[in-house]
There are 2 protein chains.
Amino acid sequence: MPRRRTDTRAEIRETALELFAKKGYTATSLREIAEGLGITKAALYYHFRSKQDLLADMVRPMLDDGERTVRELEEEPDATARRALEAFYDMGRRHGTLFRAVVADTAALGDLGDVVPRLFDWRERLLRLIFGSDPTPRQRALAVLAIGGLQDAAIMAADDGGGGLTGDGGDLRSVVVEGALRALDLPAS
Amino acid sequence: MPRRRTDTRAEIRETALELFAKKGYTATSLREIAEGLGITKAALYYHFRSKQDLLADMVRPMLDDGERTVRELEEEPDATARRALEAFYDMGRRHGTLFRAVVADTAALGDLGDVVPRLFDWRERLLRLIFGSDPTPRQRALAVLAIGGLQDAAIMAADDGGGGLTGDGGDLRSVVVEGALRALDLPAS
DNA sequence: GTCTATACACGGATAGAC
DNA sequence: GTCTATCCGTGTATAGAC
């Protein structure tokens, strides 16, 4: 019965994610991950060819999701800036824990090849979606402010479960998306 | 003449900063730093008790600067929100390279004790300076957006030398500070 | 197909010679 | 103030048990 096969891989990813989020990628040893699962370090090497490979495998869904999100926005003919910012925020929230771990150890991700370029690419394409194909330098600067801030807000929201920050009636997402729109000097559309 | 003593320490810090900024803190080995200076790994351990100690020493000026900046703002009786955001942005720019290295490897800084709490403390005190002693959840969320974005903008500006982004006449600082003020729903005061 | 045993190179760190 | 020698932990890799 090959049932347990993918199971183990998933369990490894889970345990690894917890540890990566808590202590960062580089600071987490394979021995720790293995011990958390009751197997040995070397067993991990059956499932993943390297530590980086494990990370890449964990990051892939997020990368695919982001790619899909941006592409869908581009194909939507009358996508508003608000829609774009909301989609970006939601994407950040969906992968909150991983996103945090990733941002907390950008250096390690440099080795991983295309992750950081990919993040920059999304930013660039969001920028074009919002401001058209030839944004002014001022618009570029505001986009850094807005998208960077939104990313922070999404991570923080994911961390704290989504409650807390806005109180009972408040909707954190719209508060923060509208803030970003104001920063970009755009109407709340 | 004990002239060369502090000199070597400074040279180590310089070389280390370059490498940390380029490859991140954890990814940089002491051997690399030593080789860049023509000495051995062990020699470093005469000047710094540990790798963390080296990092702490490099980070201290930034920490002191930030602490001083926030305290001065608090003592200024009629400090505007704009002043506060400008001061924060300038602080980020002054320590651009280090700031980047620090943010790129937050995980490593967790071990370093009070750096991350300190950053949060600044955020909190800026928040109180801008919105008074009892900010609403909405204001908290917007502050995360604005301050996080401003931090990104400052890092990016420091990276790229300050030119580029705004073109000839534009002043990146005021563009981005005014964007943050709008995000916070405050007049450009 | 799944895991253990084992070896190796490299990283941080220390002790002691010069 | 710097070096050599050495220690232990960690990522990596392979051979082989079941």
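Atoms considered below: every heavy atom in the structure, side chains included; atoms not considered: hydrogens, waters and symmetry mates. Residue numbering restarts at 1 for every chain, and letters A, B, ... go by the order of the sequence lines.
A salt bridge does not link Arg93(B) with Asp90(B): every distance from a Lys NZ or Arg NE/NH1/NH2 to an Asp or Glu carboxylate oxygen is 4.0 Å or more. At a threshold of 4.0 Å, the pair Arg125(A)-Glu67(A) counts as salt-bridged, since one of the basic side-chain nitrogens sits closer than that to a carboxylate oxygen.
Residue contacts for Thr28(B): at a heavy-atom cut-off of 4.0 Å it reaches the sugar-phosphate backbone alone, with no base atom in range.
For Tyr25(A) and Gly38(B), each mapped to the nucleotide of DNA chain D holding its nearest heavy atom, the one lying further toward the 5' end belongs to Gly38(B).
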So Asp105(A) and Thr106(B), side chain to side chain contact (heavy atoms under 4.5 Å, CB included) or not? Walk me through it. CA-CA 6 Å; Asp105(A) 211 337; Thr106(B) 318; over 6 Å; no
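For His47(B), whose side chain is taken as the heavy atoms from C-beta onward, the closest listed nucleotide among dA13(D), dC3(C), dT2(D) is dT2(D). Minimum atom distance to the side chain of Ala43(A) is reached by dC3(C), of the listed dC3(C), dG11(D), dT6(C). For Ser29(A), the side-chain atoms get nearest to dT10(D) when compared with the rest of dT14(D), dC3(D), dT10(D).
In this entry the distance linking CD of Glu11(B) with P of dT2(D) reads 9 Å, nearest Å. Atom pair Tyr46(A):OH and dT6(C):P shows a separation of 22 Å (rounding to whole Å applied). Between the CG atom of Asp7(A) and the P atom of dT2(C) there is a distance of 11 Å, given to the nearest Å. Atom NZ in Lys51(B) sits roughly 13 Å away from atom C1' in dT10(D) (whole-Å rounding). As a whole-Å value, the separation of Leu44(A) CG from dT14(D) C1' is 16 Å. dG11(C) atom C1' lies 12 Å from atom CD1 of Ile33(B), rounded to whole Å. Rounded to an integer number of Å, the gap from CD of Gln52(A) to P of dA13(D) is 11 Å. One atom, CG of Leu30(A), and another, P of dG11(C), lie 17 Å apart when rounded to the nearest Å.
Side-chain N/O atoms of Thr40(A) include none lying less than 4.0 angstrom from OP1 or OP2 on dC3(C). Remark: Arg31(B) is in phosphate contact with dG11(C), judged by side-chain N or O atoms under 4.0 Å from OP1 or OP2. Between Tyr45(B) and dT14(C) there is no side-chain polar atom (N or O) within less than 4.0 angstrom of OP1 or OP2.
A donor N or O paired with an acceptor N or O is found under 3.5 Å between the base of dG11(D) and the side-chain atoms of Lys41(A).
The closest donor-acceptor contact from the side chain of Arg82(A) to the backbone of Ala188(A) lies under 3.5 Å.
Looking at Glu124(A) and Arg140(A), their side chains come closer than 4.5 Å, going by heavy atoms from C-beta outward.
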